[in-house]
Each structure stands twice: as C-alpha cells, then as structure tokens.
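Note that the structure is predicted; figures quoted are calculated from it, not measured. Remember, it's 1-based here, ligands and their atoms both numbered in the order they're listed.
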Amino acid sequence: MAVLGTLKTFQGGHYFGQFEGSPKGKRIQSKPAPKRVIIPLKQGFGEEATAIVKEGDRVKTGQIIGRADAKISTPVHASITGKVVKIEKRPHLFGGQSTIVIIENDGSEEWQMVSTSPSFEKMTPDQVGKILYEAGVTSVGRAGFPTAYKSSPATPDKIRNLVINAVETEPYFEGENQLLYEDFDKFVNGIKILRQALGNIQVHCGLAYNKARVYEELVVRMEFYDWFYLHELRDKYPQGDDEVLIRTLLDQLVPSGGNATEIGCVVVDVQHVVAAYEAVVEGKPFVERVVSVAGSAMKEVGNFKVRLGTPVRDLISTDSPSRVILGSVLRAMVPADLEAPIMKNTPAVIALKEATKEFLPMAGPGFNKDSFTNSFVKVPFIKKKATTSLNGNERPCVNCGYCVDVCPQSLMPIWIAEASVNDMLERAEALDIFACIECALCAYVCPSKIPLLDQIRQGKKAIKK
Ligand code: SF4
Ligand code: SF4
C-alpha cells in the first residue's frame with residue numbers, strides 16, 4: 001500500500017461548513033419496509049429493463065422483476081415482498097418516460113438471495129462479475145460497472161484504475177460518510193471484491209482528511225496490498241465528482257462531456273462498495289441504500305437505510321411550506337410529486353424552508369444564508385440557514401470574477417453563460433462548455449444572482465440539438 005500526498009486538493013471549489021438540518025454524525029437507522037414501493041425499470045446507469053413479472057404476481061424481496069440482458073443494462077429487483085398491483089409508464093425523474101412496477105407489501109418478508117459463496121477470494125473475475133450483475137450492483141456511477149454481462153459500454157480488460165470516492169463534500173450528504181464508520185469491514189472487503197472483478201488493476205481511494213479513524217484503520221488493513229493507494233484529500237466541494245477526483249488522484253483528464261471509463265477508470269462510491277460486499281459475500285441483492293434525510297424544514301433528520309422504490313412522501317416530516325429536493329441541493333432535482341421513489345442513485349432527500357419574505361431583498365446575499373460571496377465575512381461555528389430564497393433578484397454582472405475563482409474546471413462561467421443565452425453556440429463550444437460538470441458553484445457564489453448553471457445547461461441542450 002502507498003499513502004500518497006498530504007491533503008491534496010484542486011483549484012477552485014468551496015468549503016461549505018455546516019448547514020442547519022444536517023444529519024452529520026447521526027447513526028444509521030433502518031426504516032421499516034414501506035407499504036408500497038414504486039420501482040422504475042430504469043435505475044442508475046444503463047437502459048431500461050423489460051418487466052418479467054405481470055400484474056397480480058406475488059414477488060419476494062430481492063426477486064428480479066425486470067431485465068434486458070441483450071442491452072447495456074442491469075437487472076432490477078423487488079425491494080419488498082408482496083403483490084405486483086400495477087405496471088405502467090410514468091415520467092422519469094431524470095427525463096423521459098420509464099416503466100414502473102408498483103408492489104404492495106403483504107407483510108411477510110421472504111427474500112430471494114443471489115447464489116454465492118462467502119469465500120470470494122477463490123472466485124474468478126467472471127464469477128464475481130456475474131454476482132454483481134445479478135444482484136443489481138453494476139448500474140452505478142456514470143457508465144456502470146464493467147463486467148462480461150453488458151453492464152457498461154466498457155469491458156473489464158479496458159480498466160486500469162478503480163477509483164473510490166470516500167470524500168463526500170455535498171452539503172447534507174452524510175449517509176455515506178456514516179457508512180464508512182459503521183460498515184468499515186464491508187467497505188474494506190468490498191474494495192477487494194470490486195478489484196477481483198476487474199483483474200490486476202490499481203485501486204486509488206480518495207479519503208477526506210477529517211476521517212482520522214478510518215484512515216488509520218485503512219493503513220493497517222491494506223498495508224500488504226501493493227495495488228492499493230490511499231490519498232488524503234481536503235473536503236472541498238466538488239472533490240467527489242469523477243472529473244475532479246480523477247484529476248486530483250491520477251493527474252488525468254476525463255474528456256469533456258465524456259466519462260471515466262474512456263480513460264480506463266471506474267469510479268464508485270462508498271455505498272456501492274458496501275453493496276458489492278453484501279451481494280458477493282451475503283448474496284443480498286441491491287434493494288436498499290443509505291439515504292440522508294435532511295434540511296432546514298425537516299423535522300426528523302437522520303441517516304436511514306431505505307428500501308429502493310420507497311416514495312419520498314414516506315420519508316418527509318415537515319410542518320412548514322417547503323421545497324423537496326432529491327439528491328444535491330445545489331443541482332436541485334425537484335421531484336414532480338412526492339410519489340417519486342428512492343433509487344440506487346438517491347443519496348439524500350432534503351426539505352428546505354420556502355422563504356416568502358426577504359429582509360432588504362436587494363441588499364444582496366448576507367451571511368447566515370445559503371449563499372456566499374467574498375464580500376461577506378463568514379462567521380465560524382454558526383450553521384447556515386438554508387432556505388429556497390434567492391436573496392434578491394437577478395442583476396447585471398459586476399465582473400467580480402467570483403464565478404471564475406470557484407470553477408473547479410477552470411472555465412469562464414459568465415462567458416459561457418452569455419454565449420449560451422445569446423445563441424452563440426460555436427463560441428460556447430470554443431469555451432469548452434461540455435467540460436462544465438454542473439457543480440453549480442458559479443451560480444451559488446454569484447452576488448448578482450445570475451442563474452449561470454441554468455444558462456449553461458440551456459447552451460448544452462441547444463448544441464446537442
Ligand atoms: S457549474 Fe460548470 S461552469 Fe459553473 S463552476 Fe461548476 S463546472 Fe464551472
Ligand atoms: S460571479 Fe456573477 S457578477 Fe461576478 S463575474 Fe461571475 S457572473 Fe458576474
């Protein structure tokens with residue numbers, strides 16, 4: 001094992017500190033299986049699976065209900081035991097339509113496990129890959145996990161580096177940080193399992209510097225593995241994004257608009273490493289994940305193990321008007337309704353207070369708000385109160401350059417945004433618009449409240465058309 005670099009980081013980015021309603025440090029609790037689950041047959045990376053059950057069928061927890069082995073995809077599983085009551089098309093959270101399977105819980109908990117053996121060390125890469133695929137663990141990340149089973153456009157022989165993201169820096173995403181402490185054994189063995197599926201490759205783990213206990217344990221447990229590299233990183237947002245993580249750890253660039261497999265890397269996060277262990281050693285399909293339930297409007301804040309397909313409504317407890325966000329609060333994925341289900345790539349459900357009145361709305365962003373500029377002194381130890389407030393209306397650009405300073409991709413966000421809204425698409429391309437990883441920091445820091453990310457997304461869409 002090699003320990004590389006001391007407190008590596010990247011140019012730009014932002015340290016968020018603590019927000020009110022964060023579940024930081026809360027132990028993971030299991031939510032009881034819900035009465036009903038809504039399972040989209042498109043989960044995480046890959047194409048939509050085809051339903052192999054029909055309305056009226058009884059299914060067990062962990063039973064495969066959809067698969068499309070001929071396409072790049074991963075099987076989808078029932079996450080509770082009960083009756084399939086509906087199969088229909090619905091709008092998918094990430095755009096377009098998806099077939100969903102609704103299952104009603106019959107109160108019994110019968111599991112259908114994946115056929116496996118606890119001594120994973122004796123398995124071939126193909127055997128490990130097959131279990132990961134059958135257990136639904138391969139539809140992870142931006143390009144899936146490569147196996148011999150069409151789970152990714154890449155194949156295992158093209159991969160040289162497995163990159164572990166153990167440096168979660170998104171505000172409120174505390175579940176995976178907590179998993180590192182509570183499921184450390186599974187995490188360590190999960191790393192070995194994923195490497196075994198990919199063959200003789202190097203593993204680079206980026207770990208936030210403030211996790212001293214995990215760091216020390218990893219040094220002891222991985223000491224004799226010369227393929228394992230441990231990197232201590234600063235917890236600056238968006239360190240965990242594929243492009244930023246790979247650049248910091250390996251000094252390699254992911255092609256603009258591309259993905260990590262194109263340069264021989266696979267990036268996985270802590271939840272997926274743990275799910276790999278549970279699949280291969282315990283035979284447990286990927287039917288539940290840790291979810292941070294958080295936000296200034298949430299009454300019951302915490303980190304919970306939640307069955308996939310659980311409607312967001314079941315996790316929310318608020319007593320004030322609020323906006324519900326699935327996943328990143330900065331990139332703001334607002335579900336159309338609260339029937340939206342938890343999926344393999346939903347690390348958090350956040351409810352922010354809906355701000356109705358502003359104090360001096362034109363005075364610009366102030367401290368103690370979910371907003372930041374260099375013109376306001378940050379007050380240490382005071383938790384920010386995140387609301388949906390914009391803290392004032394959009395105003396003309398004042399050329400302060402803050403958006404340029406924070407951009408982790410060293411882009412010129414205001415120039416790209418201006419080119420996008422003025423239909424100067426060639427200029428936007430020349431400014432490398434597709435290198436934008438949509439971290440939203442430029443819009444977050446802008447004192448003029450210009451919706452830079454929305455404008456950049458608009459430009460990308462127009463160019464793709
Ligand atoms: S959203 Fe794009 S342009 Fe804005 S800071 Fe992030 S990477 Fe840079
Ligand atoms: S942060 Fe806002 S005001 Fe400042 S240069 Fe960028 S777009 Fe202009």
Side-chain angles (χ1 to χ4, degrees), residues 9-16 142 165 167-171 173 234-248 252-260 267 325 327-334 361-367 369-376 378 389-422 424-425 427-464:
T9 189
F10 60 96
Q11 196 184 338
H14 180 60
Y15 293 98
F16 276 110
R142 294 233 306 266
N165 171 16
V167 55
E168 191 49 81
T169 53
E170 284 267 1
F173 284 18
R234 290 190 184 275
D235 57 344
K236 185 165 64 163
Y237 177 82
Q239 180 65 81
D241 276 38
D242 293 10
E243 285 81 354
V244 183
L245 193 58
I246 290 173
R247 199 170 66 234
T248 313
Q252 288 183 33
L253 291 180
V254 175
S256 296
N259 67 66
V267 185
I325 293 164
S328 165
V329 76
L330 286 146
R331 302 171 213 220
M333 183 72 71
V334 180
M362 294 308 289
F367 68 87
K369 286 282 176 86
D370 176 20
S371 189
F372 157 85
T373 80
N374 290 335
S375 56
F376 281 84
K378 282 201 275 183
S389 163
L390 286 172
N391 300 318
N393 299 325
E394 186 181 332
R395 283 153 287 173
C397 171
V398 292
N399 292 320
C400 63
Y402 295 163
C403 57
V404 180
D405 291 346
V406 291
C407 180
Q409 292 289 82
S410 304
L411 301 173
M412 301 295 286
I414 178 61
W415 289 4
I416 301 175
E418 276 176 359
S420 297
V421 292
N422 292 313
M424 296 158 68
L425 302 182
R427 178 169 159 77
E429 272 196 278
L431 289 165
D432 213 358
I433 187 171
F434 286 103
C436 167
I437 56 173
E438 305 193 3
C439 69
L441 270 184
C442 50
Y444 178 74
V445 301
C446 176
S448 292
K449 297 292 133 197
I450 300 171
L452 293 162
L453 176 57
D454 291 348
Q455 295 176 352
I456 292 171
R457 280 178 173 157
Q458 183 187 323
K460 284 185 179 180
K461 221 170 160 184
I463 294 169
K464 280 183 187 159

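Contact annotation: for Ala440 versus ligand 1, heavy atoms closer than 4.0 Å belong to the backbone alone. Contacts with ligand 2 closer than 4.0 Å are made by no heavy atom of Val404, backbone or side chain.
A side-chain donor-acceptor contact under 3.5 Å links Asn165 to the backbone of Val167. Judged by distance alone, with hydrogens and angles left aside, the side-chain atoms of Arg457 form no donor-acceptor pair with the main-chain N or O of Glu438 at under 3.5 Å. Using a distance-only test at 3.5 Å, with no hydrogens or angles considered, a donor-acceptor pair links the side chain of Ser328 to the main chain of Leu330. At distances below 3.5 Å, not a single donor-acceptor pair connects side-chain atoms of Gln252 with backbone N or O atoms of Arg247. At least one donor-acceptor pair under 3.5 Å links the side chain of Arg142 to the backbone N or O of Gly258.
Put simply, no part of Val445 is less than 4.0 Å from ligand 2, judged by heavy atoms. In this structure, Leu452 has no heavy atom closer than 4.0 Å to ligand 1. Distances shorter than 4.0 angstrom occur between a heavy atom of Ile456 and an atom of ligand 1.
Among all protein heavy atoms, the one lying closest to atom 6 (Fe) of ligand 2 is Cys403 SG, 2.4 Å. If you check which protein heavy atom lies closest to atom 5 (S) of ligand 2, you get Gly401 N, 3.2 Å. Annotation: atom 7 (S) of ligand 2 to nearest protein heavy atom, Ile414 CD1, 3.6 Å. When hydrogens are left out, the protein atom nearest atom 3 (S) of ligand 2 is Val398 N, 3.4 Å; that is the closest non-hydrogen contact. The closest protein non-hydrogen atom to atom 8 (Fe) of ligand 2 is Cys397 SG, 2.3 Å. Counting only heavy atoms of the protein, atom 4 (Fe) of ligand 2 lies nearest to Cys400 SG, 2.2 Å.
Looking only at side-chain heavy atoms (C-beta outward), Asp432 and Gln409 stay at 4.5 Å or farther from each other. Counting only heavy atoms from C-beta outward, the side chains of Phe434 and Lys464 approach each other to under 4.5 Å.
Atom numbering of ligand 2 starts at 1 in the shown order; those under 4.0 Å from a heavy atom of Cys446 are 1 (S), 2 (Fe), 3 (S), 7 (S). Interface of Pro413 with ligand 1, defined as ligand atoms under 4.0 Å from a residue heavy atom, comprises 3 (S).
Between atom 2 (Fe) of ligand 1 and the options Ala443, Cys442, Cys436, Ser410, the minimum heavy-atom separation is to Cys436.
Using a cutoff of 4.0 Å between basic side-chain nitrogens and carboxylate oxygens, Arg331 and Glu170 are scored as salt-bridged. For the pair Lys460 and Glu429, the salt-bridge criterion is not met [side-chain N within less than 4.0 Å of a carboxylate O].
Under the side-chain contact (heavy atoms from CB on, under 4.5 Å) rule, Cys442 has a single partner from Pro408, Cys403, Pro451, which is Cys403.
Within the 2.8 Å limit, Cys439 places at least one N, O or S atom next to atom 6 (Fe) of ligand 1.
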